[in-house]
Amino acid sequence: MTKSLKNLWERFLFQDRGILPTNRLLLIYVIFSSLLIMLSVLGLSWPVIISFNLLFLLGTLFDLLFSPKRKQIHAVRNIQEEMERGIRYQVKIQFHNESDHSYRFQLIDGIPQTFQKRFPIKGMVEKGSSTTVTYETFAPVRGKYHLETIYVRYSSLLGLWEKQTFIQQQDEVKVIPDLTDTKRYLENAQKFLLYEGTKIRKQKSGAGEFSRIRNYVVGDDPRKINWRQTAKLQEVMANEFEPEHGKYITILIDCGRMMGAELKKGNRLEKALEASLTVAAAALKNDDYVSVLAFSKDVKVYVPPAKGMDQLQKILQAVYDLEVDSIESNFSAVLNYLQSIQKKRSLMLMFSDVHTFLHEESTLLYLKRLRQRHLFLMIGVEDQELLTTTRLNSKTVQSAMIKSIAQQQVQYKKREKVKWEAQGLIMIEAKEDRLASEAVSRYIHIMNQGLL
């Protein structure tokens, strides 16, 4: 394709400056030409017909005099600097018309191809005024994106010709994980867990730090009764304890090949990130120290332990653009590295694929060493397709073989989990929509029971 043809093609795709005929002009020209052809039957000569066509086209060019110049058109984009994956956001573009002519426009915003959108957007700006157009978009893929250009076509009120231009505006958008579960937990922890079918469990009697003295209620442990205050106030009073603060929580996020398995919404890594941020929020709200380590073959991200809600923002900025690697995870190397940097006793919560992890026999040695000082918990997403296959009705030999292999895989996983859990290594699987609530519930249970 020659350069001139390429420029013409880009002009039709809103990607270049230029002047284009509108549909209105083409329709009028077809009607005008048809009339001239009909007159040619009555004896009108072809040179006259051609002359009338040229005069008609030259006459329509006067319409360009009633449209603004390109330098008189300004557009400003207003977009969120951070967008959560899969959540719809509004983008506003404000047009300023500094000319003495009103104009109609069509707009295509230069947002990334992965963003969902519907273009072109149409509107009108009166002379010497401003107007704002709004459209909705959402990003299904996390990461950092750069927006540079706004493409515009505009015409005068007659609408015979359109001028095409583009306006440069630099914007940076970060697409972060979906924080819906994290926000729901921070708003009301008990309501969040009850909605997901679990509840905050009571800690064992007398464990944790003393919180306050309150009235005794039915169901309280009688051993918590404060007899001195009871005698003083002449009503039964009880001591209330809360879990000890300042514990260390280490969240491990697997970014290996198997974490790229697609689920109903996103993949395993997406769910792991959302769940890990919710657990981090729960721990930081409880005044614990939280650190995060993301890995595949090597360590990809490490956020040192700290407490306070500012740490949640640090974690988010460190992990929001993590991607699945096309290689297997090296669990042994990562656990060995973790053992060298995490000296204080902590809860190590790993988000990974349980089935893949069970095949790593060499990892068991490192986990036994970690178990001497730390508490290890692994959580993954259930393989719903595998479980569905085990319940199929076998009507053919092929379906019976597929079902038996699936059942064999399930039985193997159960046997291996029993072997690993005998070493004190807890492994659980949850449905993809319950991963965050299950992880938080396990964390709260461990804290309330004083296991750490």
Side-chain angles (χ1 to χ4, degrees), residues 85-86 140-142 177-178 181 196-198 251-279 294-297 322-331 334-335 348-364 367 376-396 398-423 425-443:
R85 184 186 69 88
V141 182
R142 291 175 293 101
D178 185 358
D181 288 338
E196 297 293 342
T198 58
I251 300 175
L252 307 175
I253 305 173
D254 183 8
C255 301
R257 181 177 63 86
M258 294 304 296
M259 296 298 287
E262 291 295 329
L263 304 173
K264 292 181 180 178
K265 294 182 179 180
N267 54 31
R268 289 176 178 171
L269 179 59
E270 299 292 352
K271 292 299 179 182
L273 285 173
E274 295 167 9
S276 62
L277 289 170
T278 307
V279 174
F295 67 94
S296 57
K297 183 179 180 181
L322 286 175
E323 297 180 355
V324 177
D325 291 338
S326 59
I327 54 178
E328 302 292 342
S329 298
N330 190 342
F331 294 100
V334 171
L335 293 175
M348 294 188 176
L349 178 59
M350 178 185 288
F351 291 92
S352 182
D353 177 47
V354 174
H355 186 75
T356 303
F357 190 82
L358 292 175
H359 288 277
E360 296 287 335
E361 293 288 346
S362 60
T363 309
L364 186 59
L367 284 176
F376 185 84
L377 170 64
M378 182 175 183
I379 183 168
V381 179
E382 282 184 353
D383 190 340
Q384 289 296 321
E385 186 174 351
L386 181 65
L387 296 177
T388 302
T389 305
T390 60
R391 296 189 290 267
L392 290 176
N393 292 325
S394 304
K395 297 182 179 179
T396 63
Q398 183 178 4
S399 62
M401 292 179 63
I402 294 174
K403 180 179 180 179
S404 63
I405 293 173
Q407 291 174 337
Q408 183 182 11
Q409 291 292 325
V410 172
Q411 292 301 320
Y412 170 80
K413 185 185 295 185
K414 289 181 179 179
R415 289 197 306 269
E416 291 299 308
K417 285 177 66 176
V418 170
K419 182 180 73 173
W420 286 68
E421 289 173 354
Q423 304 293 330
L425 309 172
I426 307 172
M427 293 184 175
I428 58 174
E429 288 185 298
K431 295 181 179 179
E432 61 175 286
D433 57 342
R434 297 278 302 276
L435 186 66
S437 62
E438 184 66 29
V440 174
S441 180
R442 291 283 178 163
Y443 157 75

Should Phe295 and Leu252 be marked as a side-chain contact (heavy atoms from CB on, under 4.5 Å) after you check the CA-CA gap, both sets of side-chain angles, and the distance that decides it? CA-CA 8 Å; Phe295 67 94; Leu252 307 175; 4.1 Å; yes
Only counting residues at least two apart or in another chain, list the ones meeting side-chain hydrogen bond (donor to acceptor under 3.5 Å, both in side chains) with Glu274.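 Per chain and number, Glu274 pairs via side-chain hydrogen bond (donor to acceptor under 3.5 Å, both in side chains) with Arg85.
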[X] versus [Y], closest heavy-atom pair with distance:
X      : Y      : value
Asp254 : Leu269 : O-CD1, 3.7 Å
Thr278 : Asp181 : OG1-CB, 3.7 Å
Ala436 : Ala275 : CA-CB, 3.7 Å
Gly380 : Leu435 : O-CD1, 3.8 Å
Met427 : Val354 : SD-CG1, 4.3 Å
Glu270 : Gly266 : CG-CA, 4.2 Å

Heavy-atom donor-acceptor pair, [X] side chain to [Y] backbone, under 3.5 Å:
X      : Y      : result
Arg268 : Val381 : no
Ser441 : Ser437 : no
Ser329 : Gly256 : yes

Test side-chain contact (heavy atoms from CB on, under 4.5 Å) on Leu377 and Met348; report intermediate values, then the result. CA-CA 6 Å; Leu377 170 64; Met348 294 188 176; over 6 Å; no
Does the side chain of [Y] come within less than 4.5 Å of [X]'s, by heavy atoms?
X      : Y      : answer
Pro177 : Leu277 : yes
Cys255 : Glu323 : no
Gln407 : Thr389 : no
Phe351 : Leu273 : no

Who passes salt bridge (charged side-chain N to carboxylate O under 4.0 Å, His left out) against Asp325, sequence neighbours left out?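 Counting only residues at least two positions away or on another chain, Asp325 forms a salt bridge (charged side-chain N to carboxylate O under 4.0 Å, His left out) with Lys300.
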Got a second to check how far [X]'s [atom1] is from [Y]'s [atom2], nearest 0.5 Å?
X      : Y      : atom1 : atom2 : result
Ser296 : Asn330 : OG    : CG    : 9.0 Å
Ile379 : Ile428 : CD1   : CD1   : 3.5 Å
Gln411 : Ser404 : CD    : OG    : 12.0 Å
Glu429 : Met378 : CD    : CE    : 8.5 Å
Asn393 : Ser399 : CG    : OG    : 9.0 Å

Using distance only, find each side-chain donor-acceptor pair of residues 257-265 under 3.5 Å and give its atom names and separation, not counting sequence neighbours.
unit_1 : atom_1 : unit_2 : atom_2 : d
Arg257 : NE     : Glu328 : OE2    : 2.7
Arg257 : NH2    : Glu328 : OE2    : 2.4

Counting only heavy atoms from other residues, nucleotides and ligands, does the tally under 6.0 Å from NZ of Lys297 exceed 12?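 Atom NZ in Lys297 is not crowded, with 12 or fewer foreign heavy atoms closer than 6.0 Å.
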Would you indicate whether Gln408, at its atom CD, is surrounded by more than 12 heavy atoms from other residues, nucleotides or ligands within a distance under 6.0 Å?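 No, not enclosed.
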If you measure from the Lys or Arg side-chain nitrogens to the Asp or Glu carboxylate oxygens, is any gap between Glu438 and Lys431 under 4.0 Å?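 No salt bridge links Glu438 with Lys431.
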